[in-house]
Asker: 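One structure follows; several queries about it will come next.
Computation of the quantities below employed the complete heavy-atom set of this structure, encompassing side-chain atoms and omitting hydrogens, waters and symmetry-equivalent molecules. All chains are named by letter (A, B, ...) in the order of the sequence lines, taking the proteins before the strands, and each is independently numbered beginning at 1. Since this is a predicted model, take the numbers as computed values, not measurements.
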Number of protein chains: 2
Amino acid sequence: MGDLIRVVVLGTGQMGSGIARLILRKPALQLVGACARRRERDGIDLGLAIGLDRALGIPVKTDLVALIDQTQPHVAIQATCSTLDDAWQELSLLIERGINVISIAEEMAYPAAKSPSRAAALHQLAVNHGASVLGTGINPGFVLDLLIILLTGVCAEVEAITARRINDLSPYGPTVLASQGVGLTPEAFARGLQNGSVVGHIGFEQSLRMIAAALGWDLDRIEQTREPIVSKVRRETPFVTVEPGQIAGCLHAATAYRQGRTVIRLIHPQQIHPHLEGVETGDSIDIKGSPYLHIQGRPEIPGGQATEALAVNMIPRVVGAVPGLYCMADLPVPAAMPGNANFSRFARQAKGGWR
Amino acid sequence: MGDLIRVVVLGTGQMGSGIARLILRKPALQLVGACARRRERDGIDLGLAIGLDRALGIPVKTDLVALIDQTQPHVAIQATCSTLDDAWQELSLLIERGINVISIAEEMAYPAAKSPSRAAALHQLAVNHGASVLGTGINPGFVLDLLIILLTGVCAEVEAITARRINDLSPYGPTVLASQGVGLTPEAFARGLQNGSVVGHIGFEQSLRMIAAALGWDLDRIEQTREPIVSKVRRETPFVTVEPGQIAGCLHAATAYRQGRTVIRLIHPQQIHPHLEGVETGDSIDIKGSPYLHIQGRPEIPGGQATEALAVNMIPRVVGAVPGLYCMADLPVPAAMPGNANFSRFARQAKGGWR
């Protein structure tokens, strides 16, 4: 069993729990511990904390340093936060101990979008301590950036990119719904935008900067718009009821300009039960270039499941990479890890490449 | 200008010419020479050989060793052949001189499909001589393998994969049309399959083995079928006329079995003017797993253009990779290289990573 990749998970919320459960299904991986931010979780059995009906004999810790010292993981998955600021302390603590890190914090998908200097510092820290660090997730990290970049690979030239992700927020809980203004009046939505309680999607700047960097484009500026999706019908989930005239979600879009022209437009309306007004969910990418490309998938790739899978499926890529900070466009593509006993193919490899 | 990546192209046929023309449009690249297999091309100006209306002052060579010695390229693009056997001599000659190679030979997309021992030998040769070697192309190399692998990355588990590429052969010349049996009678098509003159698609084994390797699947076996597409209507291109009852193309499909079950099915009907019988061209991928995924693009990604772009757009990835043999799933994804002056981002990097 010495070939197994030892993994710890930071965060025992919905995403952290899903990631931990998936790790348990992968024979090449060994879940050796988990760290919670919530004090009251300290000492709870990890199996129970992540919603299994059995104990794992692994207590949840709240002291990350002690957890790392005791478990000696090869890689840590960070599922505790969204922003670079919030992620920083855990990241630096892990990296300084030479632990590879995969973060699903949205701003970690392309840290230079928020702060080029902090991205450079993370990269240097990773190099100094022999760790590889990656931000991933469905969005940012996959649909509205990596997939677009990949598709431009078949183009001789690219003039402009438009991509849409139309999804259904109905499965989500109160925190996510509130961040999109679901259930508010139009007036309260407007106030929410002003006071920052309605945020829309986190990740457009990261996706746009990742695409621009891959294509070698210098952007003039990025503009974002957040508009209310006012419902014409009654829409209901276990957590919210939206009456006609109230807000069903947020239409958030971002536009990147280069040399005075619109070059990338990302459109991401998020709402509950879009089908009630005839809106079909899905992901689509249009590339105006040589050749023109149009790709779509319906329904949309489910966000939560996909982010959990990406975090786990990128483990062999991150563990095998030379030390440094990576975005999804910097590493070989993810692939579903086998749920069977093909251990050796995913055994920990020497740093320096993927063979 | 010392930061430019120096490129030579092997082959001055349709693909080699297209690749050379694209290299000329990329400021980060310098086309330093070309090698033709056809003796009669020796000494012809490269500009004229690749269909430009101007001379480049670079004579086409037929002696590859002399070309390499004189031009000292960082990377060579091989566009001369389809099979590993046919590619071997040029490949080994280049690799032994430490030249990175990108080959569009179909069997080079995943050389281990044809011969694991020759793939291992190529890898060792590349490592010994400090060269990176990649096979690429639209198919195999992108639509029916890399794109599938990438999409499995959002899956917790994958049960089965079905993918279709329905394309239009109308733009192609007599060699391609003959290889698909276009214009033959059904009897002649059957004889062509037997005597090997009708081959269908080259690349299914490469795509299937690449996918299986990425997913950690051991395959029981691969089965292929080649069926005639008998036209009900008259179809015509500059190179062939197909009367009703004659062959408009070849429906080639391949199935991979694992643990007694069909796990991957790739379907690739190739014909002229499919729309004349109401057939819409396109690429589609269905993944049965958690979650289920369905992605499609219409019309199909144009094969010739895309292969040329991939060969060029992978140059920075190959030049930046640690020495060894790679398939498309082993390297960071391609991105359209800028046609502007952002030279430095694509300047030759030290071996050992992408930063």
Asker: With respect to A:V333, which candidate in B:D330, B:L331, B:L146 satisfies the side-chain contact (heavy atoms from CB on, under 4.5 Å) definition?
Answerer: B:L146
Asker: Highest number of heavy-atom pairs under 4.5 Å with chain B: which of A:V127, A:I287, A:L310?
Answerer: A:L310
Asker: Shortest non-hydrogen contact from B:A309 to A:A156?
Answerer: CB-N, 3.8 Å
Asker: Is A:I148 close to chain B through its backbone or its side chain, or both, or neither, when contacts mean heavy atoms under 4.5 Å?
Answerer: neither
Asker: Quick one: what part of B:S290 sits under 4.5 Å from any heavy atom of chain A, side chain, backbone, both or neither?
Answerer: both
Asker: Can you tell me how far the NE2 atom of B:H294 sits from the CZ atom of A:R298, to the nearest 0.5 Å?
Answerer: 9.5 Å
Asker: Does A:T152 reach the main-chain N or O of B:A336 with its side chain, forming a donor-acceptor pair under 3.5 Å?
Answerer: yes
Asker: Find out whether A:L147 and B:L147 are in side-chain contact, i.e. whether some heavy atom of one side chain is under 4.5 Å from a heavy atom of the other.
Answerer: yes
Asker: Check B:A329 against A:P332 and note the closest heavy-atom contact, atom names and distance.
Answerer: O-CB, 3.4 Å
Asker: Sort B:I211 into side chain, backbone, both or neither according to what part of it lies under 4.5 angstrom from a heavy atom of chain A.
Answerer: neither
Asker: Determine the minimum heavy-atom distance between A:P302 and B:P291, stating which atoms define it.
Answerer: CG-CB, 3.5 Å
Asker: Is the count of non-hydrogen atoms from other residues, nucleotides or ligands lying under 6.0 Å from A:E157 atom CD greater than 12?
Answerer: yes
Asker: Rounded to the nearest 0.5 Å, what separation is found between the CD1 atom of A:I301 and the OH atom of B:Y292?
Answerer: 16.0 Å
Asker: Can you tell me which portion of B:I149 sits under 4.5 Å from chain A's heavy atoms? Options are side chain, backbone, both or neither.
Answerer: both
Asker: Side-chain contact test, heavy atoms from C-beta onward, threshold under 4.5 Å: evaluate it for B:P334 versus A:L150 and give yes or no.
Answerer: yes
Asker: Measure the SG-CG distance between A:C155 and B:L22 for me, rounded to the nearest 0.5 Å.
Answerer: 10.5 Å
Asker: By a 4.5 Å heavy-atom criterion (distance strictly below it), what part of B:L293 contacts chain A: side chain, backbone, both, or neither?
Answerer: side chain
Asker: Do you know which of B:G282, B:G289, B:G297, B:S284 has the most heavy-atom pairs under 4.5 Å to chain A?
Answerer: B:G297
